[in-house]
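Working notes, structure below.
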There are 2 protein chains.
Amino acid sequence: MAAPSEGDAASLLPDLPGGPLQAYRARASFCWKELALFLEGEDMLRLKKSIFSALEDDPLFARSHGHELSLEKHRELTFLRCKWVLGHAPVRVEDMVRNPLSVLTLITCLGTYDWSLAQKFLLHLLVFGFAIYKSGSERHLEYLPKILNMEIFGCFAVTEVSHGSNAKAIRTTAHYDPTTEEFILHSPDFEAAKFWVGNMGKTATHAVVFAQLYTPGGRCHGLHSFLVQIRNPKTLLPMPGVMVGDVGKKLGLNGVDNGFAMFHKVRIPRQALLNQTGDVTPEGTYVTPFKAELGREIHALVSGSKPLASWTAQRGIQECREACGGHGYLAVNRLGDLRNENDPNCTYEGDNNVLLQQTSGYLLGLLELRLQGGARLESPLGTVDFLEAYPDILNQRFSCPSVAGCLESSVPLAAYEWLVCYLLRESVQKVNQEKRSGSSDFEARNNSQVYRCRSLALVFLELTVVRRFHEYVHQPSVPPPLRAVLQRLSALYALWSLNQHMALLYRGGYFSGEQAGKMIENAILDLCAQGSPWRFAGVARHTDFVSQQLKDDAVALVDVIAPPDFILDSPIGRADGELYKKPLDRRPSGEPSAGAGIVVGGVFCQ
Amino acid sequence: MAAPSEGDAASLLPDLPGGPLQAYRARASFCWKELALFLEGEDMLRLKKSIFSALEDDPLFARSHGHELSLEKHRELTFLRCKWVLGHAPVRVEDMVRNPLSVLTLITCLGTYDWSLAQKFLLHLLVFGFAIYKSGSERHLEYLPKILNMEIFGCFAVTEVSHGSNAKAIRTTAHYDPTTEEFILHSPDFEAAKFWVGNMGKTATHAVVFAQLYTPGGRCHGLHSFLVQIRNPKTLLPMPGVMVGDVGKKLGLNGVDNGFAMFHKVRIPRQALLNQTGDVTPEGTYVTPFKAELGREIHALVSGSKPLASWTAQRGIQECREACGGHGYLAVNRLGDLRNENDPNCTYEGDNNVLLQQTSGYLLGLLELRLQGGARLESPLGTVDFLEAYPDILNQRFSCPSVAGCLESSVPLAAYEWLVCYLLRESVQKVNQEKRSGSSDFEARNNSQVYRCRSLALVFLELTVVRRFHEYVHQPSVPPPLRAVLQRLSALYALWSLNQHMALLYRGGYFSGEQAGKMIENAILDLCAQGSPWRFAGVARHTDFVSQQLKDDAVALVDVIAPPDFILDSPIGRADGELYKKPLDRRPSGEPSAGAGIVVGGVFCQ
């Protein structure tokens with residue numbers, strides 16, 4: 001990839017092509033370029049542009065229009081592309097460590113091209129490589145250059161057949177043998193096989209393997225990670241004692257080879273232990289510099305963010321698929337790819353419903369501490385500080401005299417604080433009631449998930465997102481021409497999200513009367529509406545038009561985040577909006593395909 | 001296919017294999033065979049069994065484990081299988097006309113094997129063939145034998161590029177020319193091309209084409225259907241003036257070739273008009289025996305049933321996919337196929353949101369008539385008769401003293417009647433308010449969809465389903481041992497469904513106080529619970545155990561509707577429940593695939 005070119009911000013955002021979308025763009029209340037620059041910053045825009053251009057310019061990234069890739073071919077291409085990115089990415093590993101935002105930008109750009117590529121790259125360099133860098137020590141640094149030039153290729157093996165979302169229950173063992181200064185890695189049975197591991201199916205030569213560490217005498221020190229060679233890098237044949245294979249085709253992300261592995265008393269050197277948090281001396285004594293009590297708040301937030309984000313994306317993609325009618329169902333338009341590639345987000349790194357228990361458990365624990373006369377309710381990031389006013393918040397009631405008053409995210413923000421407190425109280429009551437009737441701790445928590453703890457976790461995360469969004473759009477650095485549209489977006493997200501919980505708001509007494517609920521619905525509809533009646537066609541320029549609500553800003557908002565046509569690779573999403581003119585020119589062969597973006601008429605437009 | 005064998009009902013339902021599921025089956029409160037017999041009847045059970053066995057016995061239906069079918073191969077196989085079914089189905093066309101349930105059974109069986117096959121067969125025989133039989137007359141009967149032996153192959157061409165869900169807006173024309181006694185079929189432009197037509201892409205030789213009929217002098221008589229040859233049956237080359245092609249790969253149902261066609265002044269004989277409801281004399285005079293005012297209630301029900309059914313299936317499949325964790329994401333387990341093959345149900349034969357307007361329009365129209373002093377509110381099937389008590393129902397309030405009282409579908413039934421009346425009033429008010437503020441009829445209806453008319457249509461359909469279910473399980477012919485489980489199922493569906501509308505029930509005052517809403521939630525949880533604590537393993541026989549709630553009946557309920565393993569073709573769904581024993585024996589080649597149904601541990605079980 002060429003180094004990012006010099007130039008001012010404007011050159012990073014070329015004008016969009018004319019065409020049928022022009023009239024819609026002219027309705028916008030703001031300049032999309034100004035918003036893009038404000039959201040991403042010049043550096044990240046430059047990085048994005050250089051990544052996208054590099055992909056478009058290299059034949060290795062040519063799109064395979066009209067030719068279906070076989071499973072093996074897709075994987076082979078993804079591997080070659082991954083290697084190419086490691087050699088050519090315009091962001092170096094040092095930059096990534098210094099500026100994590102550049103990692104996010106790189107992964108997002110690769111993913112927008114093909115999420116299999118982003119996954120494969122991420123798993124090798126950032127999950128496998130970073131695990132060695134962060135969990136290992138001096139003695140593991142020799143691996144890093146080999147990772148960077150793909151002399152070795154990595155995967156990250158936590159999950160087992162029977163333990164998808166419950167890492168503590170992992171059953172692979174690593175017994176230390178002081179006579180040879182080795183660990184003996186072993187899978188007791190098939191249910192303890194490592195499973196689903198990305199990159200393990202065909203391509204990984206090494207794995208970071210999680211196993212229960214035992215020292216002589218049989219003492220278990222819990223889960224630790226080990227760097228294990230699983231294949232010969234020249235022949236890709238398995239190492240002795242390792243049974244490794246491929247789990248087969250999935251619903252999506254088929255450029256990534258997910259695999260399984262069983263270890264039959266595989267001996268690995270003592271130094272294979274990634275010993276940042278605990279080590280074993282040559283004689284077999286376990287030593288650890290500290291206990292892991294940090295980051296509980298971040299853990300709680302992350303455990304709730306993934307479910308909220310993956311489910312929100314799922315709903316959004318499905319809504320778009322249906323709104324585009326049959327064209328959304330045509331493979332060429334790639335809404336199916338988006339759906340299939342988002343879907344596993346609901347499952348891996350912990351099933352969504354299981355993960356949410358981490359978040360609710362954190363909140364319940366905090367409240368319990370407080371009720372026992374513990375310290376003030378506060379946290380490093382401040383996401384739970386409002387709970388200090390828990391009893392007062394429960395006494396609050398909705399107060400907004402008009403629909404216009406609801407068009408501000410502060411109204412749903414207050415409702416969300418009440419909602420978290422209400423669900424917290426409901427959850428505590430339910431858990432206690434279960435315990436009183438003889439349930440074990442596990443049963444009590446299990447039986448309190450539906451309608452209580454699960455809702456609590458989701459609502460707490462929604463509150464956190466709503467609050468962040470609210471704060472972001474109200475910060476003084478927001479350029480004045482962008483304030484209105486950002487505040488409307490923030491209000492729409494908050495109200496739409498809150499509206500899903502209207503039953504609880506009424507049931508718990510925060511809302512009462514018919515008008516309160518209608519006010520929220522009307523506010524949502526108002527925010528989605530267009531500013532004033534306007535003619536469909538012939539609106540070439542509207543510089544003096546001040547748009548009121550979000551419908552007029554919709555196309556310009558998409559322009560802010562849209563990747564180039566080559567990267568998006570969806571005829572229905574062409575930047576020029578030429579949906580009807582070029583429907584048959586997609587395929588290289590003689591066979592016509594009218595897959596270009598034609599909106600099926602008559603679809604009801606919200 | 002062999003003729004259905006003789007024998008008693010028991011022989012139709014062989015015992016299920018032993019294995020890990022046996023303990024769960026032993027918990028059931030009823031005999032699954034008795035329920036299967038009651039639900040389907042002996043004749044349909046026999047038909048199902050003979051269809052399933054015939055498919056399993058013929059090599060043409062062998063499963064392609066481990067070998068990915070190309071698009072072309074999948075289509076070719078589907079075509080050959082369709083031909084095979086026409087020649088071998090154990091139900092004859094006369095039987096289908098006499099007993100429509102046998103059609104449903106045949107299509108469902110074929111679909112359970114592969115929905116592409118069911119679709120292709122359905123489109124040719126029942127949509128294309130039945131259209132000719134029902135909409136044509138004496139002069140079209142000659143086509144029927146050719147359809148049955150697949151001398152000609154058919155498709156049904158309504159949809160156009162720009163008119164997916166709005167049949168009235170179709171722009172293909174058929175002008176009558178009395179000098180040659182022909183119609184001239186013409187597509188004015190690409191937006192009027194027939195599009196998405198199943199079977200049209202590669203295989204259809206003939207199409208039933210919908211076009212606006214014009215008689216000399218330029219009078220348009222509206223939409224009529226014509227039997228048009230589009231390809232030469234020997235060469236499959238297009239007929240002169242017909243441009244026909246394939247729309248390409250879709251997200252699912254790829255055994256069906258969906259196509260498009262444009263007609264350039266194609267001349268077809270006068271007799272090609274399917275003239276059941278209207279004809280043109282040789283001289284060019286339009287004659288019609290009647291107007292179409294029948295079936296409004298059925299139209300309203302069907303227009304709402306498809307959205308409710310397709311969306312319910314969508315949610316259910318996705319829930320199962322996620323509940324099965326990574327195994328749900330493995331292609332071999334086929335939950336992806338189910339999702340992809342249900343998905344277009346939300347779109348074809350009318351986009352769900354558009355169709356729902358037919359249902360709400362029907363209800364609004366009835367109420368308007370009534371308010372204008374019209375006739376009593378009643379309908380042939382009786383689905384709207386309760387609206388006669390509209391004002392009284394609106395004054396009703398929830399009254400159920402206990403959770404136990406909610407465990408009956410009569411409680412949600414009453415709530416649903418109130419809900420329909422409430423949304424009917426809200427919708428009428430909104431439409432009127434829009435009209436008063438100057439909106440056109442179209443705008444007024446359009447702006448009243450979200451939160452009003454759309455909800456009204458869905459809620460009305462849900463009420464209809466809840467009522468039917470309630471009546472079905474309370475009829476005297478239900479065998480006493482089956483009553484409890486069926487009534488619990490009916491109550492669970494009704495309460496779960498109703499619970500989605502809790503916000504409206506509170507807002508409109510039908511519910512008040514915290515306890516009412518909690519009671520519904522607790523009733524749902526109670527119904528899903530198991531009867532009493534029991535040990536996980538070692539429960540071989542429990543004949544004296546009376547199960548209380550549905551968790552204990554879950555596996556037996558699945559047994560009632562489950563197809564044989566060969567048809568289901570999903571390792572995770574094996575009847576013997578041997579999830580861990582045979583995970584690697586699926587593939588014919590040497591490559592192991594651990595795709596068998598292993599439930600990822602730790603998934604929270606509701």
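Residue numbering restarts at 1 for every chain, and letters A, B, ... go by the order of the sequence lines. These values consider heavy atoms only, across backbone and side chains, with no hydrogens, waters or symmetry-generated copies.
With a 4.5 angstrom heavy-atom cutoff, A:Arg315 does not touch chain B via any of its atoms. Looking at A:Asn340, the atoms closer than 4.5 Å to chain B (heavy atoms on both sides) sit in the backbone and in the side chain alike. With a 4.5 angstrom heavy-atom cutoff, B:Gln318 touches chain A only via side-chain atoms. Heavy-atom distances place the side chain of A:Gln314, and not its backbone, under 4.5 Å from chain B. Residue A:Leu505: no heavy atom, backbone or side chain, is found under 4.5 Å from chain B.
Under the 30°/60° scheme for interplanar angles, the aromatic rings of A:Phe190 and A:Phe260 are found to stand perpendicular.
Of the listed residues (B:Gly328, B:Gly336, B:Pro344, B:Ser70), the one with the most heavy-atom contacts under 4.5 Å to chain A is B:Pro344. Taking A:Leu251, A:Asn352, A:Asn254 one by one and counting their heavy-atom pairs under 4.5 Å with chain B, the maximum is reached by A:Leu251. Interface summary for chain A: among B:Gly509, B:Ser512, B:Gly252, the most heavy-atom pairs under 4.5 angstrom belong to B:Gly252.
Taking A:Asp337 as the reference, A:Arg334 meet the salt bridge (Lys or Arg N to Asp or Glu O under 4.0 Å) condition, with sequence neighbours excluded.
For the residue pair A:Lys551 and A:Cys528, the shortest heavy atom distance occurs at CB-O, 3.1 Å.
Note: A:Asp189 CG to A:Met262 CE = 6.5 Å, rounded to the nearest 0.5 Å.
Sorted pairs that involve residues 329-348 of chain B and meet ring-ring contact (aromatic ring centres under 6.0 Å, His included), not counting sequence neighbours, are lacking altogether.
Counting heavy atoms from C-beta outward, A:Met502 and A:Asn499 have side chains that approach closer than 4.5 Å.
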